[in-house]
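Encoded as structure tokens, the structure appears first; notes follow it.
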2 protein chains.
Amino acid sequence: MRTLLVIGIGAGDPGQLTLQAIDAIKRADVFLIVDKGEAKRDLVDLRRALLATHRPDAGYEVVELEDPPRDRAPDDYEHAVLDWHARRAALFADTIAATVPEHGTGAFLVWGDPTLYDSILRILEQVQHDARVPLAVEVVPGITSVQALAARHRIPLNRIGEAIHITTGRQLSQGLPPGVANAIVMLDARHSYAALEEREPGAWHIWWGANLGTRSEQLVSGPIAEAAPAIARAREAARDAAGWVMDTYLVRRDEPAALPS
Amino acid sequence: MRTLLVIGIGAGDPGQLTLQAIDAIKRADVFLIVDKGEAKRDLVDLRRALLATHRPDAGYEVVELEDPPRDRAPDDYEHAVLDWHARRAALFADTIAATVPEHGTGAFLVWGDPTLYDSILRILEQVQHDARVPLAVEVVPGITSVQALAARHRIPLNRIGEAIHITTGRQLSQGLPPGVANAIVMLDARHSYAALEEREPGAWHIWWGANLGTRSEQLVSGPIAEAAPAIARAREAARDAAGWVMDTYLVRRDEPAALPS
């Protein structure tokens with residue numbers, strides 16, 4: 001039986017690491033790193049810097065994993081997705097079997113929190129389900145970009161008694177469920193907040209941040225119509241500074257807050 | 001100008017403290033503690049233990065703050081709430097002015113994350129708005145019970161591409177917005193998940209946890225109908241062990257997950 005630690009390492013600032021995460025980092029024999037997209041190189045470097053700080057012994061290995069290739073325009077979409085998931089789980093199982101000692105400990109260092117918009121727990125569940133490599137999985141929570149965003153803007157995520165909706169740009173562009181007054185959007189490369197402003201001009205405020213907790217951090221807030229041009233500029237400034245941009249935002253309907261109970 | 005640090009300290013396990021939080025703890029001259037409810041004594045003790053560990057110098061003061069009394073059955077509900085908020089902000093301003101040195105640093109140690117279902121940022125905003133005590137506020141994020149719950153159950157908070165709704169028991173008992181398939185419930189003392197089961201028998205799964213990250217932690221998961229009696233028993237077991245119980249849960253509709261994009 002191998003132990004697999006899935007460790008949240010925070011949203012970009014090395015100070016967001018928890019003591020639990022540091023303890024877990026100290027236990028691992030092998031670190032498995034999965035990244036993609038334009039920020040990949042910086043994200044890998046940030047993890048290597050964390051390891052240099054918290055594992056001065058250097059008694060570990062680092063293995064970079066790449067997702068298997070994927071058919072982006074399949075005839076049968078559903079089948080192609082399931083097939084890709086199966087191939088990915090097989091690749092992870094093989095890599096774990098080949099690199100983590102049989103009674104040893106592997107660790108995934110995950111950006112943000114492993115339970116929020118990250119696929120690693122689903123992949124490991126499939127590896128366990130396939131039963132080719134018996135695994136004991138432990139999860140260590142990490143600070144998310146949602147929390148970093150709210151902290152940097154010094155705002156509560158909701159008004160008293162209100163619900164909070166965490167969603168994607170794709171879902172936001174299709175509209176929020178009725179009654180939702182606070183939405184946090186992750187994974188939006190398409191400025192989907194503009195759809196809110198179009199539907200209800202002047203009704204929404206935005207708190208936006210990019211590359212949170214890093215040197216290229218950018219913050220903008222205001223009514224959507226006013227903030228949108230500033231966000232577009234700040235997004236480019238973050239990309240110019242870092243070579244990549246990852247943003248998160250909170251949108252809130254400007255209506256009287258519900259009274260507390 | 002006084003500096004006020006609002007520091008998230010995690011959901012119960014002292015290992016959830018971040019390096020940022022520890023650095024902030026080291027900067028403070030005075031710690032302001034606000035607690036209420038049945039867990040109050042343990043929560044205060046946990047903070048004092050954190051301080052004993054991370055501030056061995058003991059060169060700080062601890063001030064416990066209590067919310068001002070409140071009229072629970074007022075003739076004019078709205079006016080009573082606004083009046084109570086004003087009295088609370090005045091009390092906080094007076095306490096900060098009396099205990100934090102004029103160019104010094106005060107710190108609130110907040111359970112979980114200060115931006116999620118906590119009133120301290122709203123109170124400090126009102127103190128700043130009243131301008132009786134000029135304050136520079138900094139916020140340090142902390143691991144929430146939501147993240148501790150998902151980590152202990154080793155589950156993602158949502159299925160691929162789905163939104164997540166964070167809400168209260170009060171809101172859940174009135175029903176979820178249409179299309180919401182994942183809801184996290186905090187602050188529920190009334191088993192509001194039973195309302196989901198009544199409306200759609202057999203359609204929902206629950207992952208529940210109490211006193212997460214502490215010695216009296218309890219975890220239960222399953223279809224709501226099956227899990228409900230076990231949750232009731234586990235809730236009592238947590239209360240018997242600790243003298244208090246604080247629980248959080250995720251409910252998810254059992255329907256095919258949306259396909260990934």
Side-chain angles (χ1 to χ4, degrees), chain A residues 6 8 10-11 13-23 77-78 81 85 113-119 121-122 124-125 137-144 147-148 150-168 170-171 176-180 183 259-261, chain B residues 6 8 10-11 13-23 77-78 81 85 113-119 121-122 124-125 137-144 147-148 150-168 170-171 176-180 183 259-261:
Chain A
V6 184
D13 186 326
Q16 285 170 357
L17 215 57
T18 66
L19 297 177
Q20 268 181 349
I22 293 170
D23 285 345
Y77 182 76
E78 188 165 348
V81 166
H85 283 180
D113 188 294
T115 70
L116 189 64
Y117 291 114
D118 194 279
S119 54
L121 290 178
R122 271 184 286 268
L124 293 179
E125 193 180 80
V137 174
E138 292 175 36
V139 181
V140 179
I143 300 295
T144 64
Q147 296 168 283
R152 297 292 289 128
H153 281 289
R154 297 189 284 269
I155 49 158
L157 288 169
N158 60 334
R159 285 169 298 207
I160 296 168
E162 289 183 346
I164 305 158
H165 204 67
I166 305 180
T167 191
T168 61
R170 174 177 296 229
Q171 295 228 354
L176 287 167
V180 170
L259 283 171
S261 58
Chain B
V6 185
D13 185 325
Q16 285 170 357
L17 216 55
T18 66
L19 297 176
Q20 269 181 348
I22 293 170
D23 285 345
Y77 182 76
E78 188 166 348
V81 167
H85 282 181
D113 186 294
T115 70
L116 188 64
Y117 291 114
D118 194 279
S119 54
L121 289 179
R122 273 184 285 268
L124 293 180
E125 192 178 83
V137 173
E138 292 175 38
V139 181
V140 179
I143 300 294
T144 64
Q147 296 168 283
R152 296 291 289 130
H153 281 289
R154 297 189 284 270
I155 48 158
L157 288 168
N158 60 335
R159 285 169 296 206
I160 295 168
E162 288 183 347
I164 306 159
H165 204 67
I166 305 180
T167 192
T168 61
R170 175 177 297 226
Q171 296 229 356
L176 287 168
V180 170
L259 282 171
S261 58

[X] portion near chain B, given a 4.5 angstrom heavy-atom threshold:
X       : value
L157(A) : both
Q16(A)  : both
I22(A)  : side chain
D23(A)  : neither
P114(A) : neither

Check: Which of the residues T144(A), D113(A), V180(A) is involved in the greatest number of heavy-atom pairs with chain B at under 4.5 angstrom?
Finding: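 Greatest number of close heavy-atom pairs with chain B: D113(A).
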Notebook entry, point to check: Relative to chain B, which of G179(A), P14(A), P156(A) shows the most heavy atom pairs under 4.5 Å?
Noted result: P156(A)
To the nearest 0.5 Å, what is the distance between [atom1] on [X] and [atom2] on [Y]?
X       : Y       : atom1 : atom2 : value
R152(A) : T115(B) : CZ    : OG1   : 13.5 Å
R154(B) : E138(A) : CZ    : CD    : 8.0 Å
Q171(B) : E162(A) : CD    : CD    : 8.0 Å
I155(A) : R122(B) : CD1   : CZ    : 11.0 Å
N158(A) : T168(B) : CG    : OG1   : 9.5 Å

Write down the atom of [X], the atom of [Y], and the distance for their closest heavy-atom approach.
X       : Y       : answer
A163(A) : T167(B) : CB-OG1, 3.7 Å
G15(A)  : T18(B)  : O-CB, 3.6 Å
P178(B) : P177(A) : O-CB, 3.8 Å
I166(A) : I166(B) : CD1-CD1, 3.8 Å

Does the side chain of [X] reach to within under 4.5 Å of the side chain of [Y], using non-hydrogen atoms?
X       : Y       : value
I164(A) : L116(B) : yes
I160(B) : H85(A)  : yes
Q20(B)  : I143(A) : no

Note to self: I need the residue from L176(B), V140(B), D13(B) with the largest number of non-hydrogen atom pairs under 4.5 Å to chain A.
What the structure shows: D13(B)
Checklist line | Heavy-atom pair count under 4.5 Å with chain A, highest-scoring of V6(B), L124(B), V137(B) | finding: V137(B)
Next item on the list: Using atom types as modelled and distance alone, determine if a side-chain donor or acceptor of Q147(A) lies under 3.5 Å from a backbone N or O of G142(B).
Entry: yes
